[in-house]
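In this text the structure is predicted, and so the values were computed from the model without any measurement. For the single chain, residues carry numbers from 1 onward in sequence order. Just so you know, these numbers use all the heavy atoms, side chains as well, and skip hydrogens, waters and symmetry mates.
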Amino acid sequence: MTKQTKIRPIVRAAFKCDELVYQFTRIDVEDGMLVKGDIEEVNAKYNDEYIIGEAENRLDISQCNLEEGGWEGEMLKTYQREARQIQSFLKRFSKAVA
């Protein structure tokens, strides 16, 4: 029987942000930083400061996508939703780390 590690609230919240899930499961796995990029691995390998830094980077990317313009319909809604998710995440957690 394996010991279950408690998942930190910041990690649970990060996995509710599409952009952070993409960062962990695709980019960090492809870059060799993570093996699977699942919630347990992120919880074990990344500290809160690192996760907040990634959220800030992903927010910059989302905002750039929105500022570029030219998006319509579903793409515009997707970029707006991603930016809102990360803004909400940072509003909740960036104060806790500062």
Side-chain angles (χ1 to χ4, degrees):
M1 189 168 162
T2 60
K3 183 182 127 194
Q4 287 227 321
T5 305
K6 183 174 170 136
I7 304 296
R8 300 186 322 270
I10 193 171
V11 177
R12 287 197 187 282
F15 271 81
K16 293 179 182 173
C17 297
D18 296 338
E19 283 290 293
L20 288 174
V21 170
Y22 179 78
Q23 178 69 42
F24 301 143
T25 60
R26 295 289 305 272
I27 296 171
D28 289 355
V29 169
E30 289 172 6
D31 288 348
M33 295 174 65
L34 298 173
V35 176
K36 295 185 289 184
D38 62 13
I39 194 167
E40 291 85 7
E41 186 177 21
V42 169
N43 189 63
K45 290 192 174 180
Y46 290 161
N47 64 28
D48 293 359
E49 291 83 6
Y50 183 85
I51 294 170
I52 289 188
E54 286 299 335
E56 290 169 343
N57 291 337
R58 298 309 302 183
L59 180 59
D60 284 345
I61 292 167
S62 292
Q63 288 175 331
C64 285
N65 285 335
L66 287 170
E67 289 168 10
E68 269 182 24
W71 309 108
E72 308 179 348
E74 289 306 308
M75 280 309 296
L76 178 60
K77 288 179 187 176
T78 297
Y79 286 135
Q80 289 171 331
R81 183 186 72 244
E82 290 168 351
R84 277 193 313 269
Q85 288 173 345
I86 294 186
Q87 286 168 335
S88 176
F89 172 86
L90 286 169
K91 185 176 180 181
R92 180 175 172 198
F93 290 103
S94 63
K95 290 178 231 146
V97 173

Just by distance, do the side chain of E54 and the backbone of L20 share a donor-acceptor pair under 3.5 Å?
no
Rounded to the nearest 0.5 Å, what separation is found between the CD1 atom of I52 and the CG atom of N57?
12.0 Å
Give, for atom OH of Y79 and atom CG of N65, the distance between the pair rounded to the nearest 0.5 Å.
4.0 Å
Inter-residue atom distance Y46.OH - M33.CE, 0.5 Å rounding
3.5 Å
Test of understanding: clusters of I, L, V, M, F, W, Y form through side-chain heavy atoms closer than 4.5 Å, transitively. Do F93 and V42 belong to the same one?
yes
Determine yes or no for a side-chain-to-main-chain donor-acceptor pair under 3.5 angstrom, with N47 supplying the side chain and E49 the backbone.
yes
Do you reckon Y22 sits in the same ILVMFWY cluster as L34, going by side-chain contacts under 4.5 Å, direct or chained?
no
For the CG atom of L90 and the SG atom of C17, what is their distance to the nearest 0.5 Å?
8.0 Å
Is atom CD of E68 surrounded by more than 12 heavy atoms (other residues, nucleotides or ligands) closer than 6.0 Å?
yes
Step-by-step side chain to side chain contact (heavy atoms under 4.5 Å, CB included) determination, F24 to D38:
CA-CA 7 Å; F24 301 143; D38 62 13; over 6 Å; no
Which atom names give the shortest non-hydrogen contact between I51 and A14, and what distance separates them?
CG2-CB, 4.1 Å
Rounded distance (nearest 0.5 Å) linking atom CZ of F15 with atom OG1 of T25
7.0 Å
Within the side chain of E82, is there an N or O that forms a donor-acceptor pair under 3.5 Å with the backbone of D18?
no
Kindly give the heavy-atom pair with the smallest separation between L66 and A83, and that separation in Å.
CD1-CB, 4.0 Å
Does one hydrophobic cluster hold both Y50 and V21, with members joined at side-chain heavy-atom distances below 4.5 Å?
yes
Rounded to the nearest 0.5 Å, what separation is found between the CZ atom of R84 and the NZ atom of K91?
13.5 Å
Minimum heavy-atom separation for R12 and I39, please, with both atom names.
CA-CD1, 4.1 Å
Can you find a pair of side-chain heavy atoms, one from K36 and one from V29, that are under 4.5 Å apart?
no
Polar side-chain atom of E41 near backbone of G37 as donor-acceptor pair, under 3.5 Å
yes
Trace of the side chain to side chain contact (heavy atoms under 4.5 Å, CB included) decision for Q85 with R58
CA-CA 11 Å; Q85 288 173 345; R58 298 309 302 183; over 6 Å; no
Hydrophobic cluster membership, with links at side-chain heavy-atom distances under 4.5 Å among I/L/V/M/F/W/Y: are I27 and L59 in one?
no
Within a reach of under 6.0 Å around CZ of R26, are more than 12 heavy atoms found that belong to other residues, nucleotides or ligands?
no
